[in-house]
Amino acid sequence: MTNREVAIILDRIADILQIKNENPFKIQTYRKAANSIYHLDEDINTLKEANRIKEIPGVGKAVKAKIEEMIEKGRCEYYERLTDEVPAGVLEMLSLPGIGHKTVKTIYEQLGIDNLDDLLQAAEERKIRNLPGMGGKTEYNIKKGMELLRQNGGKVTLGLALPLAENFRDFLLESKAVEKASIVGSIRRGKSLVSDIDILVCSVSYLEVLQKVNSYKGLVKILENDPSCIKGLLTHHIEFEVIIVPPQDYFSSMVWTTGSKAHRQILFEDIRYSPLLEINNENDFYNHLGMDYIPPELRENCGEIELAAAHKLSPLLSIEDIKGDLHIHSNWSDGAHEIKEMAAAAKSLNYSYIAITDHSKSLAISGGLNEERIRTQQLVIDKLNEEEEDFQILRGSEVDILKDGSLDYDDELLKGLDVVIASVHSNFKLDKEKQSERIMQAAKNKHVDIIAHLTGRLLNRRSAYELDLDRILETAAKNNTILEINAHPDRLDIDENIARQAKEMGIKMAVNSDAHHKQDLGLMRYGVTSARRGWLAPEDVVNTWEKEALFNYLRE
DNA sequence: GCCGTTTTCGGCCCGACTGTTTTCAGTCG
């Protein structure tokens, strides 16, 4: 079992206990353990072999026994007993915004509803409003939530699919029969939500590839197969396709299987009149058509083909361009590590600066810092900086934008910070006008440098709030406010379309990890991918800049 | 269920908003 799979089961146990109205602290324990394991640096199987499970923070005797059982037997009896009481379909209802554990419990117990489809039907038939504590709004939340889920049609986030795809690809490459293998399809284009994993395999032996696929531990079942393609299902309910081609077709197939339908149709229409001879990479393919190479993230037929033909595609941001991370939490608020540890992790990525941006006082549950604490934190950072030579920690804050658009600290305090990130963490349901005004007011504050996760969307969980984006972007442009591309794969906020629009308006952006754990610094790559889909160049992104240039910009 | 101790139990988990209520339970960050 992988770390992720163990963490998911512990989290589901917590969900079921919550529905069963168990001791909140017990529930918290399971959540904490799940979170620890999710963020573990080491493989849980290796830890078990070394008898070190107990070292995981938040794991005691009882949880340790369950983890060991999962690793040894691939199952957990306690969890199975719980799922008998509360079926998986009931847990799925929790993904609907505004529908929590108590509501789900009542619906399950009183109406016997144990899946999303029946729930939607009950809402449409107005049966939910008769239940205690529920009304028309609850039914509206259910219908609205189902709309969001259906919209994405069972797609999963890139953050879930990409690591699985990489693992699967690397496994296939172990086979002698597999000469080359690449992730293709929408994952390679870097879409934030994807429907399946596509792997292109170069091989002359279909049977050996099939055998290899069959021995993959993440395989649930093979759905169909023929000599050119193996389709099946992996864990986490993700479908896959392994497309098998001979060596001479490999690179043209990469182009074919990576591009969106619209992109590839145009290219291959051209190829019909201009037969391919020998090509050794994708670059050759595009050159053969008289075009420059088109990066996978752009292959959507959004103007890239014309520009590539005119040799006018500009270079895109790449992960190597990133020189620092401007949105990082420490254990002063809800982060897992000390400032020093986050700095060390950032240095190992060759960053030359980071900003520590813990939450402000209103976000009490996240341990938001009051004025006294943040002032103390600044002194601590100053002290740490004295020991640094080619690295600098910026004194920052992720300050809450309050309901009325004012900020959670006064101007005097904000003035003393190196980086001020402003963001919304409450009152998501204000109307468009009020919500937009609120954010614009923050963007206009001369001490605010960056607006973080502007639209508040959580992929597959919560829609963006109602916003007048045009007016907000105008305000940002006018006030030199930087917009964040939050790299967390559940957010990717702002998205590629807004980023592209912002670039055209001359707005600068920052790609930030929003790390709460040192491992989260690695989420940067998702943000970079999203920025590339928004056609951003290195100069559009302030944390590719040299330290001095960035600091000057922030000071202005 | 975990943790830490003035060590085997008591503390851990805050606060605003929302919707359904008529004083409050549920949700969420």
Side-chain angles (χ1 to χ4, degrees), chain A residues 9-11 13-37 53-67 76 78-79 82 93-110 123 126 128-142 144-145 329 333-335 358-370 373 398-404 406 408 423-431 434-435 438 452-453 455-458 461-463 465 486 488 490-491 493 514 516:
Chain A
I9 291 182
L10 292 174
D11 226 14
I13 290 176
D15 277 335
I16 297 175
L17 293 177
Q18 211 168 344
I19 290 171
K20 281 164 57 71
N21 221 354
E22 287 262 1
N23 176 0
F25 299 109
K26 183 171 166 180
I27 295 160
Q28 195 189 31
T29 298
Y30 279 96
R31 294 232 186 269
K32 233 169 112 183
N35 193 38
S36 294
I37 291 165
I53 295 286
K54 195 81 202 303
E55 290 174 20
I56 302 168
V59 173
K61 205 172 147 193
V63 177
K64 170 175 175 269
K66 289 175 185 92
I67 294 171
C76 170
Y78 177 63
Y79 172 60
L82 288 174
M93 298 181 198
L94 294 172
S95 60
L96 303 172
I99 307 298
H101 297 86
K102 304 275 175 172
T103 308
V104 160
K105 178 185 164 77
T106 309
I107 292 172
Y108 176 54
E109 283 178 355
Q110 302 219 7
R126 300 180 168 217
I128 303 294
R129 64 183 63 198
N130 302 326
L131 297 173
M134 295 178 210
K137 192 75 191 182
T138 319
E139 288 173 350
Y140 174 80
N141 283 339
I142 291 168
K144 200 80 192 155
H329 296 272
S333 66
D334 59 348
D358 279 309
H359 290 288
S360 61
K361 61 177 192 270
S362 283
L363 211 59
I365 186 140
S366 300
L369 275 51
N370 62 23
R373 294 244 308 145
E398 181 180 12
V399 58
D400 260 56
I401 304 173
L402 305 178
K403 188 175 182 178
D404 63 357
S406 65
D408 205 13
S423 57
V424 164
H425 291 111
S426 60
N427 301 91
F428 302 135
K429 289 181 178 166
L430 295 184
D431 64 45
K434 286 206 182 88
Q435 195 70 279
R438 172 191 192 191
H453 45 73
T455 77
R457 75 167 180 178
L458 290 174
R461 274 190 285 156
R462 187 176 74 205
S463 301
Y465 354 108
N486 190 293
H488 197 292
D490 288 345
R491 290 191 182 270
D493 183 12
D514 196 357
H516 286 72

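Naming convention: chains lettered A, B, ... in sequence-line order (proteins, then strands); numbering from 1 in each chain. Being a predicted model, the structure only gives us computed values, none of them experimental.
Annotation: side chain of A:L96 is not in contact with side chain of A:K144 (no heavy-atom distance under 4.5 Å).
Of the side-chain N and O atoms in A:T103, one or more sit less than 4.0 angstrom from OP1 or OP2 of B:dT27. Between A:R129 and B:dG19 there is no side-chain N or O to OP1 or OP2 distance below 4.0 Å. Side-chain nitrogen and oxygen atoms of A:S426 include none within less than 4.0 Å of the OP1 or OP2 phosphate oxygen of B:dG15.
Per the geometry, CG belonging to A:L363 stands 10 Å off C1' belonging to B:dG15, to the nearest Å. Distance A:I99 CD1 to B:dG19 C1': 11 Å, rounded to the nearest Å. Put simply, CG on A:N427 is 8 Å from C1' on B:dA16, counting in whole angstrom units. As rounded to whole Å, 16 Å separates atom P of B:dC2 from atom CD of A:E55.
Salt bridge A:R31/A:D15: present, at least one basic N to carboxylate O contact under 4.0 Å.
On a pure distance criterion of 3.5 Å, a polar donor-acceptor pair joins the side chain of A:N23 and the base of B:dG1.
If you take atom C1' in B:dT6 and the same atom in B:dG1, they sit 24 Å apart, rounded to whole Å.
Note: A:H425 and A:H453 have perpendicular aromatic rings, judged against thresholds of 30 and 60 degrees for the angle between ring planes.
Checking B:dC2, B:dT27, B:dG29 against the side-chain heavy atoms of A:A62 singles out B:dC2 as nearest. Closest contact between the side chain of A:V63 and the listed nucleotides B:dC17, B:dC14, B:dC2 involves B:dC2. When the nucleotides B:dG26, B:dT20, B:dG29 are ranked by their closest atom to the side chain of A:K137, B:dT20 comes out on top.
Using a 4.0 Å heavy-atom criterion, one finds that A:K429 contacts no nucleic acid atom at all. Heavy atoms of A:G136 sit under 4.0 angstrom from primed sugar atoms or phosphate atoms, though from no base atom.
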